Amino acid sequence: MPEKNNRVYIFDTTLRDGEQCPGASMTEDEKLMVARQLAKLKIDIIEAGFPVSSPVQFSAVQRISREIEGPVIAALARAVKGDIESAIDALKPAKKKRIHTFIATSEIHMQHKLNKKPSEVLKMAVEAVKMAVDSIENVEFSAEDATRSDINFLTEIVEAVIEAGARTINIPDTVGYTTPKEYARIFESLIKNVKYGENVIFSTHCHNDLGLAVANSLTALQSGARQVECTINGIGERAGNTAMEEVVMAIQTRKEIFPYELSIDPKQISKASRLITKVTGMVVQPNKAIVGANAFAHESGIHQHGMIKNRLTYEIMTPESIGLEGSRLVMGRHSGRAGFNQKIIELGFKLNEEEINRAYEQFLSVADKKKEVYEEDIIALIDEQFGKTGDEVYKLEYFQITSGSTVVPTATVKVSNLQKGITHEVEVEAVTGDGPVSALFRAIEKALNIQTTLEVFNITPITSGKDALGEARVGLKVKDSKVFYGKGTSTDITEACAKAFLNALNKFEKTKA
Ligand code: KIV
Ligand code: ZN
């Protein structure tokens, strides 16, 4: 394939197909935040929504069109007049815009959903494309349920919409039914047989019902498609859509197999993933490729040993390449001495060989009882055994929270500054916040005269029962710093939050020492 044909366009539909799944709906402000991050990622086309479907959708597409520069802004429309008019209206303020019109082409959809004959469907598709092209020259046509459509009818309708002016032809695997070889054959057949097919971009749009969305999308590229439709974290209808980060990193990592040019800045991937989790509340599974919490975490002794010697032993891409700060050596019962050693160095301890051996034995007995041994457990363990403290600067002396359904939450905290062994008491503060935890965080900030931005916050139970231990994790920035992560555990979840917050601040302080 000539070099210029190797440019692959990334079409992000997080705000349309992604938002369509249960629990993922976003407010207009949240959509705008996501669109800004997509622009930072240098996504080629942002599908901002389906304007005719609701006033909120219309207004979100309009605002994104007005405020986001860089990517082409696309709006979805069924192949009917009202939808296309609405999309044209919503896209008016956009500098670069596209109408994405679609109609189903499979027998089952035409007969049972549309109640139309193929000839009627073809006419509607052509009329819709012509109407759209009259106002906006950049028009994409999607043959919904293409992978279950008759290939001859698909060829006919694709040819007709190209003649009507469509520039991008999308072949969706709407129900996640196809397989790589079958999908490849559909693209190869269309690209070979459709008249004027060389003048358009063929696009892939996959759903993940059989877990094949990314594989199908990559195979479509190998068969000539040059646009991938996808979502951040793979969110979307049912089992989701093709995950943007997986396609992008497969292309980045296996250039010899996928020799395509992208405009994407992969360093923005991790931020984009976290933002989607934050605004939708849909947490990414820890073992999810690229953006899962464990994607760059190593626990087993053999792996940790290999990683310390040369990270290429167990990492095919770097966490830094997606904007993370580094790999994580997770301490648990599978960790070996080399990993443990590395961890205590990272925590700032200087132990002699005999002390390391004793600490490691102690660590193994803790690891036998717990799934994951946290940094604070290791600090406590070394502290207890050798009286050597880590670099803890701030210590929570006490806190008090007033909260209830009819009162504004208020927090009071007392935090000590332990720097250089001198206990210095910091003024006690009472501050109000949106909720009890927010009040607590704000009280700590005020007491320490520090301003932070909370980037990550989650709470998980780590034991069961009424006296369950809860673990809080925070990731925060101090002014423009990088993100510092902290963990805290307690049977009182608010105490766990305060500990996590201070744990992150202690890590920040350590970088200043
Ligand atoms: O899955 C699908 O077919 C779609 C179309 C509207 C492109 O999302
Ligand atoms: Zn879809």
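A quick note: this is a predicted structure, and the numbers were derived from the prediction, not measured. Read the numbers this way: they start at 1 and go in the same order the structure lists the ligands and their atoms.
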- Looking only at protein heavy atoms, identify the closest one to atom 4 (C) of ligand 1 and say how far it is in Å. His205 NE2, 3.5 Å
- Which of the ligand 1 atoms, numbered from 1, are nearer than 4.0 Å to a heavy atom of Pro172: 2 (C), 3 (O)
- Query: Side chains of Thr452 and Glu445: donor-acceptor distance under 3.5 Å anywhere?
  - Reply: yes
- Which one holds for Glu237 and ligand 1: side chain close, backbone close, both close, or neither close, with close meaning a heavy atom under 4.0 Å? neither
- Query: Looking only at heavy atoms, is any part of Arg16 under 4.0 Å from ligand 1, and if so is it the side chain, the backbone, or both, or is it neither?
  - Reply: side chain
- Item | Presence of salt bridge, Arg274 and Glu455, under 4.0 angstrom | no
- Query: Which single N/O/S atom of Asp17 lies at minimum distance from the Zn ion (ligand 2)?
  - Reply: OD2
- Message: Under 4.0 Å, heavy-atom basis, I'd like to know which part of Glu229 is in contact with ligand 1: side chain, backbone, both or neither.
- Response: neither
- Query: Do Thr178 and Thr147 have a side chain donor and acceptor closer than 3.5 Å?
  - Reply: no
- Item | Side-chain H-bond candidate by donor/acceptor type, Ser142 with Asn170, under 3.5 Å | yes
- Message: Is a donor from one side chain sitting under 3.5 angstrom from an acceptor on the other, for Ser59 and Glu28?
- Response: yes
- Distance-only side-chain donor-acceptor flag, Asp145 / Ser106, under 3.5 Å: yes
- Task: Give the numbers and elements of all ligand 1 atoms closer than 4.0 Å to a heavy atom of Asp17.
- Result: 8 (O)
- Proximal atoms of ligand 1 relative to Ser142 (non-hydrogen, under 4.0 Å): 7 (C)
- The atom of His207 among N, O or S that is nearest the Zn ion (ligand 2) is NE2
- Query: Would you call the rings of Phe501 and Phe441 parallel, tilted or perpendicular, where under 30° means parallel and over 60° means perpendicular?
  - Reply: parallel
- Message: Looking at Glu120, I want to see if its CD is surrounded by more than 12 non-hydrogen atoms of other residues, nucleotides or ligands under 6.0 Å.
- Response: yes
- Task: Answer side chain, backbone, both or neither: which part of Thr174 comes under 4.0 Å from ligand 1, heavy atoms only.
- Result: both
- Message: Can you tell whether the side chains of Lys195 and Glu163 come within less than 4.0 Å, N to carboxylate O?
- Response: no
- Short list, please: which atoms of ligand 1 are under 4.0 Å from a heavy atom of His207? 1 (O)
- Going by the atom numbers of ligand 1, which of them fall below 4.0 Å from some non-hydrogen atom of His100? 7 (C)
- Item | Distance filter under 4.0 Å to Glu144 heavy atoms, resulting ligand 1 atoms | 3 (O)
